[in-house]
Amino acid sequence: MTRHLPFLAAALAVTAMPAHADELTQDIAADMPALMELYRDLHAHPELSFEEHRTAKLLAERMRKLGFVVTEGVGKTGVVSVMTNGAGPTVMLRADMDGLPVVEQTGLAFASKQVATPASGVTTGVMHACGHDTHMTAFIGAAQQLAARKDEWQGTLVMILQPAEEIGLGAKAMLDDGLYTRFPKPDYAVAFHDAAQFPAGMVGYSPGFALANVDSVDITVPGIGGHGAYPHTTRDPVVLASAIVMKLQTLVSRESSPLDPAVVTVGSFHAGAKHNIISDEAKLQITVRSYSDASRKLLLDGISRIARGEAIAAGMPEDKMPVVMIEEEYTPSTYNDPEFTETIMAGLRTRLGDARVMQVPSVMGGEDFSQFKRAAPDDVQSLIFWVGGVPQDLYDKAQAGEASLPSLHSPFWAPDAEKVIATGAEGMVSAALQLMPTQG
Ligand SMILES: [Zn+2]
Ligand SMILES: [Zn+2]
């Protein structure tokens, strides 16, 4: 913590120079027509997780032209671009590249017509329904500004294009492929995500825990099957699994602290094939959300204990206890270092004005951006902030009760991309300039 303080002090000093702000805003505005062309291209050509070949190639080429030293294929399809510019801290900026298996229904002229076959085997449309196309375009916008302003910063800039955020595996893949050993390890990591609940061009941030631990749990509940008319000769797994589902509700309401957010949702329950047959198995799929490691452990241990306890209560023999599978790869919670977050957001307030930057509640969604801090918690300070994407007229209608807002991942999610990109780019450049002040 202490070793970052001199940089933070210097960073705070920079925020007292608002003249900068107008210039940067104008320079980004001048880049917008070309950036929007790139955006429409990326939007029309989304690719699924770890399949971002065209996207990576296209953007790697752009970064090379800007003077970055570019390495492709880091963590399968990831791209690392480095620009060294004298002594100083290392700042990492990140954008994610993947689209989703969603059939686009926005009606936009440049809507995606792409199809693909994901791991599930079911061919589907592909769409940038999470707005990662706005992230990538803002990333290029930021790279252009930082490359053109090398006299305004000093240090090492690492800009990464991450694959497979949607399946929570891309950040880890890049780290496992040597992101912090083959390339300069960052002192600071910064990213943004578009937001579907507030107006385009607004910036939202949550100091501390911002997004949750995300765990997936599968429970197989054996029963002893038989005729539906003779239940006394069976052990009904539908009744047993139902008891488990109900008892799981007490984990959050009775065991977890009311002050520590947690979620246990049974999203899938499958059993049986016919009216009059008692099945010999039920299957549950559960998503578990938490912030702290302790809370995560309480929930996961509790799920195993409840499954076993209910099976014993139902009279199941020891060799037919429920099998609880906790997926090994999970998305850890995302932590925004509070002091660091406030410093960067103070810088952004100076540029955008108080009205456009607000603290917002943290959420129980997940983001694998968390991995970049988790891989070196004592060395890396990290921040992910939100940039509102809802078109103002739609937002006003929703406020008046005349429209509902599509969420991220909706086939109707059509952000005001121009505002998201301009604001996201300015936010990232602002952070980088604050964190890497010239020392002349
Ligand atoms: Zn998403
Ligand atoms: Zn996303």
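Counting convention: from 1, in listed order, for ligands and their atoms alike. On a predicted model such as this, the values are computed, not experimentally measured, just so you know.
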Handout entry: R374 bridged to D293 by N-O distance under 4.0 Å
Key = yes
Exercise for the section: Kindly give the atom name of the N, O or S atom of H409 closest to the Zn ion (ligand 1). Expected result: NE2
Practice task
Check the angle between the aromatic planes of F209 and Y291 and answer parallel, tilted or perpendicular using the 30° and 60° thresholds.
Solution key: parallel
Handout entry: Residues E310 and R305 bridged, charged N to O under 4.0 Å
Key = no
Handout entry: H132 atom NE2 and C130 atom SG as seen from the Zn ion (ligand 2), angle to 10 degrees
Key = 100°
Practice task
Indicate if the distance from the Zn ion (ligand 1) to the nearest N, O or S atom of E166 falls below 2.8 Å.
Solution key: yes
Handout entry: Ionic contact status for K283 with D218, cut-off 4.0 Å
Key = no
